[in-house]
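First up is the structure itself, then whatever we jot down about it.
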Amino acid sequence: MTGAVRKLSISVPPDVAERLEREPNASAFLVDAARALMRREALDAELAHQGIPVAEEGVARARAARAAVDVAWPAERYEAIRERVRHATADDEDHAGRVSAA
């Protein structure tokens with residue numbers, strides 16, 4: 001984390017505390033989680049602004065579909081896709097660096 005920060009004291013249930021205790025940097029973990037939620041809220045607001053409201057029924061269907069994929073796909077398949085994305089991202093960043101340096 002860079003820039004200004006504020007120190008907070010929070011109370012969490014035991015299961016969350018146990019999870020945070022396994023993190024090397026619990027603050028960064030919580031920041032990432034909060035920002036992911038903020039991005040989701042911003043997306044929901046933008047979709048609503050465009051006339052596409054997010055309904056709980058649709059969210060439930062999407063979660064069910066994701067759960068089905070999680071069950072059907074072996075860990076190796078996920079890892080192969082992650083590797084392709086990592087390489088594609090690295091290639092994009094490399095290309096962007098060459099373009100901006102030109």
Side-chain angles (χ1 to χ4, degrees):
M1 290 181 282
T2 60
V5 296
R6 290 178 46 198
K7 186 168 179 72
L8 301 175
S9 174
I10 63 170
S11 298
V12 297
D15 61 326
V16 174
E18 289 171 14
R19 177 62 178 89
L20 292 173
E21 288 166 351
R22 292 193 312 261
E23 285 299 316
N25 186 338
S27 293
F29 180 85
L30 290 172
V31 167
D32 288 345
R35 286 189 173 146
L37 177 60
M38 292 162 60
R39 284 190 303 272
R40 191 179 83 214
E41 291 170 342
L43 176 60
D44 288 352
E46 180 59 27
L47 288 171
H49 178 74
Q50 297 294 329
I52 308 168
V54 177
E56 284 302 315
E57 178 186 335
V59 171
R61 280 196 320 266
R63 285 189 179 136
R66 172 66 190 263
V69 168
D70 285 344
V71 168
W73 282 21
E76 298 81 22
R77 187 169 183 184
Y78 274 117
E79 188 53 37
I81 290 172
R82 283 189 195 103
E83 277 303 309
R84 283 200 316 260
V85 169
R86 282 186 199 114
H87 289 304
T89 302
D91 290 346
D92 290 346
E93 289 172 357
D94 182 49
H95 177 71
R98 283 182 282 158
V99 170
S100 63

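All values reported here derive from a predicted model rather than from experimental measurement. For reference, positions follow the sequence shown, starting with 1.
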- Message: Check for me, please, whether Val85 and Val69 land in the same ILVMFWY cluster - side-chain distances under 4.5 Å, paths through other members count.
- Response: yes
- Message: Show, in sequence, the C-alpha distance, side-chain angles and deciding distance for Arg19 and Asp15, and conclude whether the salt bridge (charged side-chain N to carboxylate O under 4.0 Å, His left out) test is met.
- Response: CA-CA 6 Å; Arg19 177 62 178 89; Asp15 61 326; over 6 Å; no
- Item | CZ (Arg86) with more than 12 external heavy atoms under 6.0 Å | yes
- Message: Listing request: all salt bridge (charged side-chain N to carboxylate O under 4.0 Å, His left out) pairs with a residue in residues 39-51, at least two apart in sequence or in separate chains.
- Response: none
- Task: Check the hydrophobic clustering (I, L, V, M, F, W, Y; side-chain heavy atoms under 4.5 Å; chains of links allowed) and say if Val54 and Leu43 are grouped together.
- Result: yes
- Out of curiosity, Ile10 CD1 to Leu20 CG, how far, rounded to the nearest 0.5 Å? 6.5 Å
- Message: A quick test of your reading: do over 12 heavy atoms of other residues, nucleotides or ligands sit less than 6.0 Å from CD of Glu57?
- Response: no
